Asker: 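I have a structure here, written as structure tokens, and I will follow up with some questions on it.
Counting from 1, the numbers follow the sequence of the chain as shown. The figures here come from the full heavy-atom set of this structure, side chains too, leaving out hydrogens, waters and symmetry mates. Because the structure is a prediction, the values reported are computed rather than measured.
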Amino acid sequence: MIKVLVTGAGGKMGQATVKAVNAHAGLELVGIAGRSDSLQEKIKDFRPDVVVDFTSAESVMINTAIIIEAGVRPVVGSSGLIPEQVQELQAKAAAKKLGGIIAPNFCVGAILMMRFAEQAAKFFPHAEIVELHHDKKQDAPSGTSVKTAEMLDNVRQNIRADNKEILLGARGATLNDVPIHSIRLPGLLAHQEVLFGGEGELLTIRHDSFNREAYMPGVCMACEQVMGLNELVYGLEEIL
């Protein structure tokens, strides 16, 4: 049994994670942590193998560093980490030869959407991303849309790697010449479409998440897979 501690357990994603871990035959929920708790103390008390973090953009960097320093494997679904922070955390994990994952999206369908868009980018040089989320989501653009734009650019191979930057706009951004439009409205959960325009045609690749349970198979799989890793990987596709 893999011992799991969930931080951010009071939030909607955290609550769904607690339920999923409890229902999974190979995982054991040993503890939870909330805003008023000390993550260091919780790790010391419960001695987990894995800590799942579904907190906030403000705390995810600090939390993940705490998890790694404690010698525990992080499974991070919180948004808000910039590439430099991911690299810093990967260096910390590498120093301890510790496995873990940071995933902008744990939904398998969303990962397939990104992969299909990556394939389409070989044939359509003009693309834009529209991501739609609930009105409580604080970061814009979303981690999934940023990851998608990076994947499209890797296919294009016509922009130097050291020229990558995110130009923020009104609820959106342009990343490596890929415009990202961010929508935040009540009634939405998590949705993204990638639109490719060509002469006389439009290709749209879209994924919709209608409830948080859609993410749970990916979260549980990540808790299992990180036990065999000796590095911190970025993106669920790295363990599929």
Asker: For F54 and F106, take the angle between the two ring planes, folded into 0 to 90°, and tell me which bin it lands in: parallel under 30, tilted 30 to 60, perpendicular over 60.
Answerer: perpendicular

Asker: Quick check against the 3.5 Å criterion: does H191 have a side-chain atom that pairs as donor or acceptor with the backbone of L189?
Answerer: yes

Asker: Working to the nearest 0.5 Å, report the span between CD1 of I183 and NE2 of H134.
Answerer: 14.0 Å

Asker: Going only through I, L, V, M, F, W and Y residues with side-chain contacts under 4.5 Å, is there a path from L5 to V18?
Answerer: no

Asker: Looking at G34, is its backbone amide N or carbonyl O close enough to the side chain of D37 to form a donor-acceptor pair, meaning the two atoms are under 3.5 Å apart?
Answerer: yes

Asker: Are V233 and V50 connected, step by step, through hydrophobic side chains (Ile, Leu, Val, Met, Phe, Trp, Tyr) whose heavy atoms are closer than 4.5 Å?
Answerer: yes

Asker: Check whether E131 reaches the backbone of S142 with its side chain - one donor and one acceptor, N or O, closer than 3.5 Å.
Answerer: yes

Asker: Are S182 and K137 close enough that a side-chain donor and a side-chain acceptor fall under 3.5 Å?
Answerer: no

Asker: Hey, could you give me the CG/NZ distance between L175 and K147, rounded to the nearest 0.5 Å?
Answerer: 11.5 Å

Asker: Quick one: do L29 and V75 end up in the same hydrophobic cluster if we chain Ile, Leu, Val, Met, Phe, Trp and Tyr together by side-chain heavy atoms under 4.5 Å apart?
Answerer: yes

Asker: Just so I know, are the side chains of D53 and P74 near enough to count as touching, which here means a heavy-atom distance under 4.5 Å?
Answerer: no

Asker: Checking E128 side chain against L195 main chain: does a donor-acceptor pair fall under 3.5 Å?
Answerer: no

Asker: Do T148 and Q192 have a side chain donor and acceptor closer than 3.5 Å?
Answerer: yes

Asker: Apply side chain to side chain contact (heavy atoms under 4.5 Å, CB included) to residues E224 and L27 and explain how you reach the verdict.
Answerer: CA-CA 8 Å; E224 294 178 310; L27 305 177; 4.2 Å; yes

Asker: Are any of the side-chain heavy atoms of I101 and E238 separated by less than 4.5 Å?
Answerer: no

Asker: Hey, are the side chains of V30 and R47 touching, using non-hydrogen atoms and a 4.5 Å cut-off?
Answerer: no

Asker: Hey, mind stepping through E193 and I129 against side chain to side chain contact (heavy atoms under 4.5 Å, CB included) and telling me if it holds?
Answerer: CA-CA 6 Å; E193 59 184 27; I129 298 169; over 6 Å; no

